[in-house]
Amino acid sequence: MSKEDDANARHDKVQALIIGAGPAGLMAADALASAGAAVLVVDAMPSVGRKFLMAGKSGLNLTKDEPLASFLSHFHPQSPDLLRALTDFGPDSVQSWARDLGEPIVTGSTARVFPKAMKASPLLRRWLARLNQLGVTFEQRHKWVGWEGDTWLFDTSNGPRRITAEIVVMALGGASWSKLGSDGSWADLFRNKGIETTPFAPANMGVTIRWSPHMTPHFGTPVKGVKLMAGGVETRGEWVVTSQGLEGGGIYELSRALRSLEPATLDLLPDVTLEQISAKLRRPRGKLSISNYLRKMLKLPDISRALLMEWGRPLPVDADLSALIKVLPVPIAGTLPMDGAISTAGGVDWSALNGFELKSRPGTFVAGEMLDWEAPTGGYLITGCLATGRAAGQAAAAKLNF
Ligand SMILES: Cc1cc2nc3c(=O)[nH]c(=O)nc-3n(C[C@H](O)[C@H](O)[C@H](O)COP(=O)(O)OP(=O)(O)OC[C@H]3O[C@@H](n4cnc5c(N)ncnc54)[C@H](O)[C@@H]3O)c2cc1C
């Protein structure tokens, strides 16, 4: 903001200011307005909840209906404040919240919970109607660009604007899918003020593989029924072979290990023991090609045989071949760019916070993906954002003595 802009900037005072209208910011607004605060929500984008709506395009996975201890174990780091927020508002609460908004929900066979409509728009519409009833006001095209003492500076479609507030909740998101609003530009502003942040890293991202031309016919093929292992974690989740590498839920579950390029291995037949495989491969191959032999003896699907040839060539014989089928090294070259990742790790350090309040800026709270935590897809992310948004909003309301 130039000096001239600064002089002309509109200056408003509000009681509670929420910056960022994703699920975390909206939940903070809900908690504050429910407590009786006058709430203004501002966002850089022309409309609210763009990433939330995008999440609904492939089925909005709101939460996972599993025991709390197991649910909590998927979050890293295991910050006590994060776990407390999730304990207060976990899978059961998220389901009740959606039902209370009048949105029917369904639980799939893998315990994932979705709105019956699958998309996010009906749920968001009902939620915004509730927030309107609570008196929450919204202003779009307000990009937060910095602080000047207690004043919050924004670039808006009508020029610069300055806002002061009794309390503020920041919920600016992570640093992926920047076209939906969360561009992570807040992190530099934080660092410039000496607020500790952990650098962003892709989470729930695809990985790159340098394929040989033999794999071209297999691009787009789903890989099912295998077990992928890295960094002491294993998953039976599905994934897809793409021209760039591997993508999908099974890959995302191992994000932390895979982005550090920890060695990954694949068990192509997780339900068959090494001894059983060895016994089957003791039968003579005759005139069969190795691929046909493996298909006949082990019923290995096409894609599994293709991956074995790709990553195990030249194939060993006898016992070594059986062992390779159980522990096939996966040569991961890197990760796909962070902007395409479903979410990001990193963000505001827990050490910079008292609960959800910035130690260096009392009265300023932080929520959602902006905080330094990560979790796999499967409803953990939205639940984490709703839970921290609610906890930050409630703490902010308490600070206002509501
Ligand atoms: C394709 C896709 C599918 C997904 N599917 C699921 C799913 O099914 N289940 C699940 O749990 N999670 C899913 N996620 C993740 C989930 O959508 C996010 O974790 C969640 O939206 C993060 O919420 P948030 O409120 O912290 O941030 P965001 O939703 O990113 O909202 C942040 C808001 O802050 C605004 N903002 C940013 N910077 C500024 C600034 N400087 N000034 C003013 N405003 C600013 C942005 O415009 C944005 O509206 C998906 C994500 C993607 C990309």
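All values below come from the heavy atoms of this structure, side chains included, with hydrogens, waters and symmetry mates left out. In what follows, residues are counted from 1 in the order of the sequence shown.
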Quick one: does [X]'s side chain get under 4.5 Å of [Y]'s, heavy atoms only?
X	Y	value
Leu381	Trp373	yes
Thr63	Phe89	no
Leu153	Arg162	yes
Ser278	Arg282	yes
Phe52	Leu26	no
Met309	Ser291	yes
Glu369	Ser182	no
Phe219	Thr216	yes

Problem - Distance (rounded to the nearest 0.5 Å) between Arg191 CZ and Thr197 OG1 - result: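 Answer rounded to 0.5 Å: 4.0 Å.
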Handout entry: Atom pair CG (Leu86) and CG (Leu82), whose distance is rounded to the nearest 0.5 Å
Key =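 Leu86 CG to Leu82 CG: 4.5 Å, rounded to 0.5 Å.
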Shortest non-hydrogen contact from [X] toward [Y]:
X	Y	value
Arg259	Pro202	NH1-O, 3.1 Å
Thr383	Val94	CG2-CG2, 3.7 Å
Asp81	Phe356	O-CZ, 3.7 Å
Val223	Val226	CG1-CG2, 3.7 Å

[X] side chain vs [Y] backbone, donor-acceptor pair below 3.5 Å:
X	Y	answer
Asp339	Ser178	yes
Glu357	Asn354	no
Trp144	Gly146	yes
Lys399	Pro362	no

Exercise for the section: Give a yes or no on this: more than 12 heavy atoms of other residues, nucleotides or ligands lie within 6.0 Å of atom NZ of Lys359. Expected result: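 Yes - once you tally the heavy atoms of other residues, nucleotides and ligands closer than 6.0 Å, there are more than 12.
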Could you go through residues 64-72 and list every donor-acceptor pair under 3.5 Å that involves a side-chain atom there, pairing it with any protein atom two or more places apart or in another chain?
| unit_1 | atom_1 | unit_2 | atom_2 | d |
| --- | --- | --- | --- | --- |
| Glu66 | OE1 | Ser70 | OG | 2.7 |
| Glu66 | OE2 | Tyr380 | OH | 2.5 |

Handout entry: Polar side chain donor-acceptor pair, Ser185 to Asp183, under 3.5 angstrom
Key =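 Note: Ser185 and Asp183 side chains meet the donor-acceptor criterion.
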Problem - Side-chain donor-acceptor pair present, Glu148, Thr151, cut-off under 3.5 Å - result: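 Short answer, no.
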Practice task
Please say which of Leu53, Leu128, Leu60 ends up in a side chain to side chain contact (heavy atoms under 4.5 Å, CB included) with Leu123.
Solution key: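 Answer to the side chain to side chain contact (heavy atoms under 4.5 Å, CB included) test with Leu123 among Leu53, Leu128, Leu60: Leu60.
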Please table the atom pairs, donor to acceptor, closer than 3.5 Å between any side-chain atom in residues 384-394 and protein atoms at least two apart or in another chain.
| unit_1 | atom_1 | unit_2 | atom_2 | d |
| --- | --- | --- | --- | --- |
| Thr388 | OG1 | Gly368 | N | 2.9 |
| Thr388 | OG1 | Gly384 | O | 2.8 |
| Thr388 | OG1 | Cys385 | O | 3.3 |

Would you be so kind as to tabulate the donor-acceptor pairs closer than 3.5 Å made by side chains of residues 227-255, with sequence neighbours excluded?
| unit_1 | atom_1 | unit_2 | atom_2 | d |
| --- | --- | --- | --- | --- |
| Thr235 | OG1 | Gly237 | N | 2.8 |
| Thr235 | OG1 | Glu253 | OE1 | 3.3 |
| Thr235 | OG1 | Glu253 | OE2 | 3.1 |
| Arg236 | NH1 | Asp271 | OD1 | 3.3 |
| Arg236 | NH2 | Asp271 | OD1 | 3.2 |
| Arg236 | NH2 | Asp271 | OD2 | 2.9 |
| Thr242 | OG1 | Gln244 | N | 3.2 |
| Thr242 | OG1 | Gly245 | N | 3.0 |
| Thr242 | OG1 | Gly245 | O | 3.3 |
| Glu247 | OE2 | Tyr252 | OH | 2.5 |
| Ser255 | OG | Asn204 | N | 2.7 |
| Ser255 | OG | Tyr252 | O | 2.6 |

N/O donor-acceptor pairs under 3.5 Å from side chains in residues 325-333, not counting sequence neighbours:
| unit_1 | atom_1 | unit_2 | atom_2 | d |
| --- | --- | --- | --- | --- |
| Lys326 | NZ | Asp267 | OD1 | 3.4 |
| Lys326 | NZ | Asp267 | OD2 | 3.0 |
| Lys326 | NZ | Leu269 | O | 2.9 |
| Lys326 | NZ | Val272 | O | 2.6 |

Please tabulate, for the side chains in residues 38-48, all donor-acceptor contacts under 3.5 angstrom to protein atoms that are two or more places apart in sequence or on a different chain.
| unit_1 | atom_1 | unit_2 | atom_2 | d |
| --- | --- | --- | --- | --- |
| Asp43 | OD1 | Met45 | N | 2.8 |
| Asp43 | OD2 | Ala21 | N | 2.6 |
| Ser47 | OG | Arg50 | NE | 2.8 |
| Ser47 | OG | Arg50 | NH2 | 3.1 |

Would you tabulate the side-chain donor-acceptor contacts of residues 95-109 under 3.5 Å, counting partners in other chains and residues two or more places apart, or write 'none'?
| unit_1 | atom_1 | unit_2 | atom_2 | d |
| --- | --- | --- | --- | --- |
| Gln95 | NE2 | Pro91 | O | 3.3 |
| Ser96 | OG | Asp92 | O | 3.0 |
| Glu103 | OE1 | Arg126 | NE | 2.9 |

